[in-house]
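Working notes, structure below.
Sequence lines set the chain letters: A, B, ... in the order given, protein chains first and strands last, and positions in each chain run from 1.
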Number of protein chains: 2
Amino acid sequence: MNDVAATGISVLLVDDHPIVRQGYRRVLESQGDLHVVAEADNAADAYGAFKAHDPDVVVLDISMPGASGLEAIRNIRARSPRARILVFTMHNEAVLVKAAFSAGASGFVTKSSEPSAVVNAIRSVARGERAMSDDIAHILAEDSLSPTGSVLDQLGEREIEILRQFAGGATTEEIATHLNLSVKTVQNYHYLIKTKTGARTDAQLVRLAATCGLTKI
Amino acid sequence: MNDVAATGISVLLVDDHPIVRQGYRRVLESQGDLHVVAEADNAADAYGAFKAHDPDVVVLDISMPGASGLEAIRNIRARSPRARILVFTMHNEAVLVKAAFSAGASGFVTKSSEPSAVVNAIRSVARGERAMSDDIAHILAEDSLSPTGSVLDQLGEREIEILRQFAGGATTEEIATHLNLSVKTVQNYHYLIKTKTGARTDAQLVRLAATCGLTKI
DNA sequence: TTGCAGCTCGGGCAAATTTCCCAAGCCGGA
DNA sequence: TCCGGCTTGGGAAATTTGCCCGAGCTGCAA
């Protein structure tokens, strides 16, 4: 890892939208101490870029098409346990946050955060601290207090990922392709999710995902 | 409207994520001819900002929480028919694209597009042309729809009623009972609605109903 | 160490639904 | 009158659902 104090903080940006990456890059580099040394637009490339550039911090959006971003976190951390990963996404569900941290993320900030909060989170993570935006802290706090958690708490990581894609409009085959699963498995998850959540209709599932903040409409 | 040739193109950015807005701002302003004169983070503020700054182009993400971005498009266009609105979002469902254009958008580009495609789309829209990214053009082409009318305008009264109940979470049998129809008829309507709107999954149908204000979630 | 529990992944198979194509009655407009 | 549209449903093939099953894996606890 580089000497942060002397050279600033090197950042690997992982997001599937080119213009979004370019925007972040400009925002971060305007800070002076942050340098984007590489970009990746999918989870598969993320580790390669990480290895090639050894960045101080990986800033990564977990809602990418294809393999789950959580997968990417585990992937990187498994092979480089010292990696610092800051999850940066539009999602703000407690289950997702918890999943990200237990996958090995060092921080979690939402895109609703002020830019200053984001860059400060990057600096914190680079120092080895844990970081999260205020809204995330609030959500985790509420979550830990409520005895009956969100419906989503009943769901496993895979189930949540499949629910998100399904509610986003993806077909069963598309989800199977994205996640490299058999159609049958996705169908089974679909059924399991319905029984676990009590949804009797696909429409109810979509509404559930929307009210839980898993999907935006 | 400003003199585009002399002053460049003034842009109003509407997106609910502050850092995303700031990123776009920097990308756009690095172009020289594009100037972000205002930002808004929700549909409600968008029209106020539009009126206050009279931008050449509104660049707007329709996937905002709360009120529909489509509503914002209609809102602006109803009161300022000369407004040029470029939808810029991560969604690429044919129904959404159609809904956006029939709501009065001048262009539709996805966030998967190259930054150069986005800025070119802004310039096209500023000239009064229609613009869309390549992926959107492909999706629309495959969808091969009749370019007239709002998505809901294609639907008959019965179809809209069935869509509303379906999106509200009712099963096919429940709808049949409510409306005193055979299950078969409701199934046929369900299928017809999907083909007419271009929705490929039930989830897309629910999203469509929600974005059109047919259902609230 | 063993064992249990829970997640993940998929096969199987009957029942149900979806997907299309079709027909017929009704009604309003040219 | 005829055309076009909405509404209502049948039929048959294709697909999905509902539910049950087992197997591999991981973490955790005794």
Give one of base, sugar-phosphate or nothing for A:Thr172, where a contact means two heavy atoms less than 4.0 Å apart.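 No contact.
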
Classify B:Glu173 by what it touches in the nucleic acid, base, sugar-phosphate, or nothing, heavy-atom distance under 4.0 Å.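 Counting heavy atoms under 4.0 Å across all strands, the contact made by B:Glu173 is with sugar-phosphate only.
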
Length of the [atom1]-[atom2] vector between [X] and [N], whole Å:
{"X": "A:Ile193", "N": "C:dC7", "atom1": "CD1", "atom2": "P", "result": "13 Å"}
{"X": "A:Gln187", "N": "C:dA14", "atom1": "CD", "atom2": "C1'", "result": "14 Å"}
{"X": "B:Leu179", "N": "D:dT7", "atom1": "CG", "atom2": "C1'", "result": "12 Å"}
{"X": "B:Glu159", "N": "D:dG5", "atom1": "CD", "atom2": "P", "result": "13 Å"}
{"X": "A:Leu205", "N": "D:dG18", "atom1": "CG", "atom2": "P", "result": "11 Å"}
{"X": "A:Arg74", "N": "D:dT26", "atom1": "CZ", "atom2": "C1'", "result": "12 Å"}
{"X": "A:Leu192", "N": "D:dT16", "atom1": "CG", "atom2": "P", "result": "18 Å"}
{"X": "A:Arg158", "N": "D:dC25", "atom1": "CZ", "atom2": "P", "result": "16 Å"}

OP1 or OP2 of [N] versus the side-chain N and O atoms of [X]: is any pair under 4.0 Å?
{"X": "B:Lys194", "N": "C:dT18", "value": "no"}
{"X": "A:His190", "N": "D:dT17", "value": "yes"}
{"X": "A:Ser182", "N": "C:dC9", "value": "no"}
{"X": "A:Thr185", "N": "C:dC9", "value": "no"}

My understanding is that only one of A:Val11, A:Val57, A:Asp33 makes a side-chain contact (heavy atoms from CB on, under 4.5 Å) with A:Leu28; could you say which?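 Output: one option passes, namely A:Val11.
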
Mapping A:Lys196 and A:Val183 to their closest nucleotides on DNA chain C, which lands nearer the 5' end?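 Looking at DNA chain C, the more 5' nearest nucleotide goes with A:Lys196.
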
C:dT19 base to B:Lys184 side chain: any donor-acceptor pair below 3.5 Å?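 By the distance-only test, yes, there is a pair.
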
Considering only heavy atoms and no angle criterion, is a donor-acceptor pair shorter than 3.5 Å present between the side chain of A:Asn188 and the base of C:dC9?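 No.
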
Nucleotide nearest B:Tyr191 when distance is taken to its side chain, options D:dT8, D:dG18, C:dT19: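 Selected nucleotide (nearest to the side chain): C:dT19.
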
Please report the interatomic distance CD(A:Glu157) to CD1(A:Ile160), rounded to the nearest 0.5 Å.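 Those atoms lie 8.0 Å apart.
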
Measure from the side-chain N and O atoms of A:Thr201 to the backbone N and O of A:Gln204, and report whether any donor-acceptor pair falls under 3.5 Å.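 Between the backbone of A:Gln204 and the side chain of A:Thr201 there is no qualifying donor-acceptor contact (under 3.5 Å).
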
Side chain B:His178, main chain B:Glu174, donor-acceptor under 3.5 Å: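 Looks like yes, one N/O pair under 3.5 Å.
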
When you match B:Asn180 and A:Arg200 each to their closest nucleotide on DNA chain D, which lands nearer the 5' end?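 Of the two residues, B:Asn180 wins.
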
Stepwise ring-ring contact (aromatic ring centres under 6.0 Å, His included) check, B:Phe88 with B:Tyr24: CA-CA 11 Å; B:Phe88 181 47; B:Tyr24 294 164; 5.0 Å; yes

